[in-house]
Amino acid sequence: MSRKIIVAGNWKMNKNAAEGKALVEALKNELADLDFNEVEVVVCPPFTTISSVIEAASGSAIGVGAQNIHWAPSGAFTGEISADMLVSTGVKYVIIGHSERRQYFGETDATVNSRLKAAIAAGLIPIVCVGETLAEREGNRTEEVLARQITEGFAGISAEDGAKIIVAYEPVWAIGTGKTATPDIAQAAHSFIRSQLAGVFGTDAAEAIRIQYGGSMKPENARALLSQPDIDGGLIGGAALKADSFAKLIREAVAGSKN
Ligand code: 13P
């Protein structure tokens, strides 16, 4: 089964409206000769930067996503953003369950599941993050943690909807630390994740689901990571904040995926 690779930039809490516009304009130039049939490219700015980025990306194949979504359609949830609000901006993707949200904002597998259902119902493409902490890896609990995040996070989702989800494996110990999982370590986790997805959604859906790697991915390691059979793209933090490094990383990822 061939899966189209997908490279997404998670800008986290970086780039105001003007900076986001400038970054996307620079990225459009850098990617002018990219074959977008070979790779899906997405940027995920902060909420307040979405509109200027959508405008800057219009007429290009660069997709735009949000970094979070609330599960309720509307109501007394100060500071939150609903699916309908996201759709109205023109975003097509939404990151759900990033480890920073789990770590700092009380996100759990249950809230991931609620957000995921809201995103699917609104027709957004969810990018659901899973991954173990350093203590969990050192305690030999990586598989247990991934299995729980997948079974609880994806409970009650049909195989048809499941096949459209993008999963991002982001080992917490590799995020922003400069420590990347080796291609072998990442592949082992991705293969395990796919086996768990098969348990939840069946083999056909699991084979269709794209699994991104995230955690200190950069132009220098993207090719080796993407040459692994179960690594179908990347979710990029730091290296996505500059047009030249993000563009280089995308090209390396495409080259790796052909190996
Ligand atoms: P870094 O690429 O900065 O390690 O961040 C990865 C990440 O968390 C993407 O969501």
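In each ligand, atom 1 is the first atom listed, and ligand 1 is the first ligand listed. FYI, side chains are in, hydrogens and waters are out, and symmetry mates aren't considered; it's all heavy atoms of this structure.
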- Task: Mind checking side chain to side chain donor-acceptor pair (under 3.5 Å) for Glu132 and listing every partner two or more places apart, or none if nothing turns up?
- Result: Arg137, Tyr169, Trp173
- Query: Between Glu25 and Lys21, is the closest basic N to carboxylate O distance under 4.0 Å?
  - Reply: yes
- If you measure from the Lys or Arg side-chain nitrogens to the Asp or Glu carboxylate oxygens, is any gap between Arg210 and Asp230 under 4.0 Å? no
- Item | Presence of salt bridge, Glu252 and Lys218, under 4.0 angstrom | no
- Item | Ion pair Asp232/Lys4, N-O distance below 4.0 Å | no
What are the atom names and distances for all N or O pairs under 3.5 Å between ligand 1 and the protein?
| residue | atom | partner | partner atom | Å |
| --- | --- | --- | --- | --- |
| ligand 1 | 2 (O) | Gly237 | N | 2.9 |
| ligand 1 | 3 (O) | Gly238 | N | 2.9 |
| ligand 1 | 4 (O) | Gly176 | N | 2.7 |
| ligand 1 | 4 (O) | Ser216 | N | 2.7 |
| ligand 1 | 5 (O) | Lys12 | NZ | 3.3 |
| ligand 1 | 8 (O) | Lys12 | NZ | 2.8 |
| ligand 1 | 8 (O) | His98 | NE2 | 2.8 |
| ligand 1 | 8 (O) | Glu170 | OE1 | 3.3 |
| ligand 1 | 10 (O) | Asn10 | ND2 | 3.0 |
| ligand 1 | 10 (O) | His98 | NE2 | 2.9 |
| ligand 1 | 10 (O) | Glu170 | OE1 | 3.2 |
| ligand 1 | 10 (O) | Glu170 | OE2 | 2.8 |

- Message: So for atom NZ, which belongs to Lys242, do other residues, nucleotides or ligands contribute more than 12 heavy atoms lying within a distance under 6.0 Å?
- Response: no
